[in-house]
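A quick write-up on the structure given underneath.
Since we're looking at a predicted model, the values are computed, not measured.
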Amino acid sequence: MCPQIYARILKKHPVILVTTYLKPEEVRKANMIPASTPDEALEIAYQMKGRDASVVVIPDGVSVLAVKE
């Protein structure tokens, strides 16, 4: 199930992965945009979508549950 969800997300949205554990080329092979720090990731996002864009930050993504309120 996870590969299908991952593919749907990548079809609709650019994903910026903040990591110092993976090499940038490995992140790009997974069709994500690499960043070394949260600030760098936000700057990339704002460059892509503009300063007034909405941004979603998901810390430790595999452990996060989304809840609709």
Side-chain angles (χ1 to χ4, degrees):
M1 188 69 155
C2 279
Q4 291 90 348
I5 294 169
Y6 176 65
R8 273 191 285 165
I9 292 168
L10 290 176
K11 278 182 77 173
K12 293 183 179 184
H13 308 284
V15 175
I16 303 169
L17 177 66
V18 178
T19 182
T20 56
Y21 299 109
L22 298 172
K23 294 179 181 176
E25 55 270 8
E26 294 298 319
V27 175
R28 287 187 194 94
K29 285 181 184 178
N31 296 308
M32 292 183 281
I33 301 163
S36 299
T37 66
D39 287 336
E40 180 185 358
L42 284 172
E43 188 57 38
I44 293 168
Y46 289 141
Q47 286 176 4
M48 293 171 69
K49 300 293 182 177
R51 291 278 170 195
D52 59 341
S54 296
V55 178
V56 175
V57 177
I58 304 173
D60 194 15
V62 296
S63 300
V64 175
L65 295 174
V67 178
K68 185 175 180 180
E69 294 183 348

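Val18 shares a hydrophobic cluster with no other residue; no ILVMFWY side chain has heavy atoms under 4.5 Å from its own.
Across all their heavy atoms, Ser36 and Thr20 have their closest contact at O-CG2, 3.7 Å. The nearest pair of heavy atoms linking Ala45 to Val55 is CB-CG2, 4.4 Å. For Asn31 against Tyr6, the heavy-atom pair with the smallest separation is N-OH, 4.4 Å.
A salt bridge (Lys or Arg N to Asp or Glu O under 4.0 Å) with Glu26 holds for exactly one of Arg28, Lys23, Lys29; it is Lys29. For the side-chain contact (heavy atoms from CB on, under 4.5 Å) with Ile33, the lone residue among Val15, Ile16, Val27, Leu17 that qualifies is Ile16.
In this structure, CD in Glu40 is found 10.5 Å from CG in Leu42, a value given to the nearest 0.5 Å.
Hydrophobic clustering, with ILVMFWY side chains joined whenever heavy atoms are under 4.5 angstrom apart, keeps Met48 apart from Ile9.
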